[in-house]
Amino acid sequence: MPVLKSRRAAVVAFAAATVLVLCPAQAFAGYGHGGSTNGGSDTTASGNSDGKGNVGAVAGAVVFDRSKNGSGQSAGPVASSASNWTPPACYYAPKYTPEQLQEYLEPIWEAGSTGYEWDATQREKYVNGGEYKDFNKEKTGKGYFWDSYVTEGREGDPGALDCTKDIFWVDNGAAPPPDVPQAITPEMLAQLAYAEIRVPSTEVELAPEGETKVNLPTWAWLDAAEFKPVSVTASVPLLNVQATTTAEPLSLKIEPGTADATTYPASGVCELNGKQIGEAYAKGKAGETPPCGVKYLRSSGDGSYQLQATITWRIHWTGTGVNGEQPLPNGEFGGDQDVIVQEIQSINR
């Protein structure tokens, strides 16, 4: 492992043990990556204040507003239909005021766990007239020290180790250094919001309901009103940038749970039609072919088949400095339900 990574790992490990002592303001809810976990709104930036109205970002940079997200026990995250795409595992954003960085680093140096040579280099950089003399306190209120963040839930991801650049300063209104590709942008915020999207589980309406018969077309449909668009907004209040990622129901895919079945249409994919996916069965349609459904060719015996219904969601975003909707990979989320299939009984006289 490179020396830079090992040193930063040591600093992170030490910081984890001391963060509650150094930054008691981090204990409040709603600031920092992930924000609230109750599906509510997280739009108020909070943090340590220097008494002059300057709010520090030490507790985190990204704030999420989940007030328009899906909720309930059955809701879950969408999985990208692009197998090689995931939101960023790490990124850089504002993290410390000069005073906060001093409070963060000095106990690490004093502990000596990172070695004398590294500590001395750091002191030269931040204290003794190096790049940031006296922790850049002369610029208090005019910018922030930026550092890396690991996306919640991605701590073990190899991509989380990509952000190895040392802490750096960015003036208010200035762009981060060009050699930092992971610096937070509206598009990255949209991708982080993607990971926070929650959509309802899918259970289709079936007719016949509960039990069906071999070779009998079974109608399937969804009321799109139950699968209305959901969205999450991610923002960095300190930078005045934000992005809103929205998921809208697009289609339903039916997988019967057995090869001994025929789907309608043959692809098993039922497109959104106005406010409904598929068509509700009505009396008098018994002889018609359902626009969305399944026909089982074999009995399920003493058990049942696991029909899987998966909704595909069209995902797009809008945000600071962007005109119109910008696409993101479609997302998928579904669930299983039991379908009992019986033989049609006949009596010979």
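These figures come from a predicted structure and were not determined experimentally.
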Any chance the rings of Y194 and W85 have centres within less than 6.0 Å?
yes
Taking side chain to side chain contact (heavy atoms under 4.5 Å, CB included) as the criterion, tell me which of V199, L222, L272 meets it with I311.
L222
Give the cluster check for F333 versus L250: same hydrophobic cluster or not, with ILVMFWY residues linked at side-chain heavy-atom distances below 4.5 Å.
no
Would you check, one step at a time, whether the test side chain to side chain contact (heavy atoms under 4.5 Å, CB included) holds for T97 with T140?
CA-CA 7 Å; T97 65; T140 297; 5.7 Å; no
How close do W221 and G278 get, counting heavy atoms only, and between which atoms?
CB-C, 3.9 Å
Would you mind listing every side-chain hydrogen bond (donor to acceptor under 3.5 Å, both in side chains) that reaches into residues 75-84, with sequence neighbours excluded?
none
Please check: side-chain N/O of T212 versus main-chain N/O of P208, any donor-acceptor pairing under 3.5 Å?
no
Test log, rule ring pair (Phe, Tyr, Trp, His ring centres under 6.0 Å), inputs Y296 and Y305:
CA-CA 10 Å; Y296 287 96; Y305 292 125; 5.1 Å; yes
Can you find a pair of side-chain heavy atoms, one from L252 and one from V204, that are under 4.5 Å apart?
yes
For R298, I'd like to know if atom CZ has over 12 heavy atoms of other residues, nucleotides or ligands within 6.0 Å.
no
Above 12 or not: heavy atoms from other molecules or residues under 6.0 Å from CD of E110?
yes
Give the intermediate values and the outcome of side chain to side chain contact (heavy atoms under 4.5 Å, CB included) for residues Y96 and Y144.
CA-CA 6 Å; Y96 305 105; Y144 288 91; over 6 Å; no
Geometric class of the Y91/Y149 ring pair [parallel <30°, tilted 30-60°, perpendicular >60°]:
parallel
Among side-chain atoms of K95 and Q100, is any donor-acceptor pair under 3.5 angstrom?
no
Check: Y281 and L206 side chains under 4.5 Å, non-hydrogen atoms:
no
Supply the atom-to-atom distance E131 CD to D166 CG, rounded to the nearest 0.5 angstrom.
8.5 Å
Which atom names give the shortest non-hydrogen contact between P186 and T320, and what distance separates them?
CG-O, 3.5 Å
Just wondering, more than 12 heavy atoms not from N240 lying within 6.0 Å of its CG?
no
Between atom CD1 of I184 and atom CG of L238, what is the distance when rounded to the nearest 0.5 Å?
12.0 Å
W313 side chain near E332 side chain, heavy-atom distance below 4.5 Å
no
Lys/Arg N to Asp/Glu carboxylate O, E99 vs K137, below 4.0 Å:
no
Decide if atom CD of Q73 counts as having more than 12 heavy atoms of other residues, nucleotides or ligands within a radius under 6.0 Å.
no
Roughly how far apart are T245 OG1 and Q191 CD, rounded to 0.5 Å?
8.5 Å
If two hydrophobic side chains count as joined below 4.5 Å and joins carry through other members, does V127 share a cluster with I167?
yes
For the pair R154 (side chain) and P87 (backbone), establish whether a donor and an acceptor sit closer than 3.5 Å, ignoring hydrogens and angles.
yes
Pairing residues for Y132 by the ring-ring contact (aromatic ring centres under 6.0 Å, His included) criterion, not counting sequence neighbours:
Y126, F145
Closest heavy-atom pair, A93 versus A61, reported as atoms and distance to 0.1 Å, is CB-CB, 3.4 Å
Roughly how far, to the nearest 0.5 Å, is the CD atom of Q102 from the CG atom of N136?
12.0 Å
For the pair E155 (side chain) and G153 (backbone), establish whether a donor and an acceptor sit closer than 3.5 Å, ignoring hydrogens and angles.
yes
Residues, nucleotides or ligands: over 12 heavy atoms within 6.0 Å of K125 NZ
yes
Using the rule given for side chain to side chain contact (heavy atoms under 4.5 Å, CB included), can you reason through V62 versus L192, listing the C-alpha separation, both sets of side-chain angles and the distance that settles it, and then say yes or no?
CA-CA 9 Å; V62 178; L192 293 172; 4.2 Å; yes
Can any side-chain N or O of D65 pair as donor or acceptor with the backbone N or O of V232 at less than 3.5 Å?
no
Answer whether the closest heavy-atom distance between the side chains of Q308 and Q306 falls below 4.5 Å.
no
A side-chain contact here means heavy atoms from C-beta on lying under 4.5 Å apart; do V230 and I197 qualify?
yes
Could you tell me if the side chain of P237 sits less than 4.5 Å from the side chain of S235, heavy atoms only?
yes
Ionic contact status for E325 with R314, cut-off 4.0 Å:
yes
Evaluate the ring pair (Phe, Tyr, Trp, His ring centres under 6.0 Å) criterion for residues F168 and Y92: first the C-alpha distance (whole Å), next the side-chain angles of each, then the deciding distance (0.1 Å), finally the verdict.
CA-CA 10 Å; F168 56 92; Y92 292 93; 5.7 Å; yes
Decide yes or no on side chain to side chain contact (heavy atoms under 4.5 Å, CB included) for E196 and R66, but give the supporting numbers first.
CA-CA 8 Å; E196 300 295 320; R66 301 183 182 88; 2.9 Å; yes
W146, L101: one ILVMFWY side-chain cluster at the under-4.5 Å cut-off?
yes
Quick check: closest heavy atoms across T310 and E255, and the distance to 0.1 Å?
OG1-OE1, 4.4 Å
For P329 and I315, which heavy atoms make the closest approach, and how far apart are they?
O-CB, 3.8 Å
Test: E279 and K285 ion pair at under 4.0 Å:
yes
Just by distance, with hydrogens left out, do T114 and D119 show a side-chain donor and acceptor under 3.5 Å apart?
yes
Applying side chain to side chain donor-acceptor pair (under 3.5 Å), name anything that partners T202, two or more places apart in sequence or on another chain.
none
In terms of hydrophobic clustering (I, L, V, M, F, W, Y; side-chain heavy atoms under 4.5 Å; direct or indirect links), are V322 and L239 co-clustered?
yes
From S304 OG over to E211 CD, what is the distance, rounded to the nearest 0.5 angstrom?
10.5 Å
From NE2 (H316) to CD (Q326), nearest 0.5 Å:
11.0 Å
Salt-bridge test for D147 and K165: reply yes if a basic N is under 4.0 Å from a carboxylate O, no otherwise.
no
Answer whether the closest heavy-atom distance between the side chains of V341 and V339 falls below 4.5 Å.
yes
Of the non-hydrogen atoms in V236 and P94, which two are nearest, and what is the gap between them?
CG1-CD, 4.3 Å
Single-linkage hydrophobic cluster, 4.5 Å side-chain cutoff, L328 and V241 together:
yes
Any luck finding a side-chain donor-acceptor pair between T244 and T233 under 3.5 Å?
yes
Are any non-hydrogen side-chain atoms of C270 and Y264 less than 4.5 angstrom apart?
no
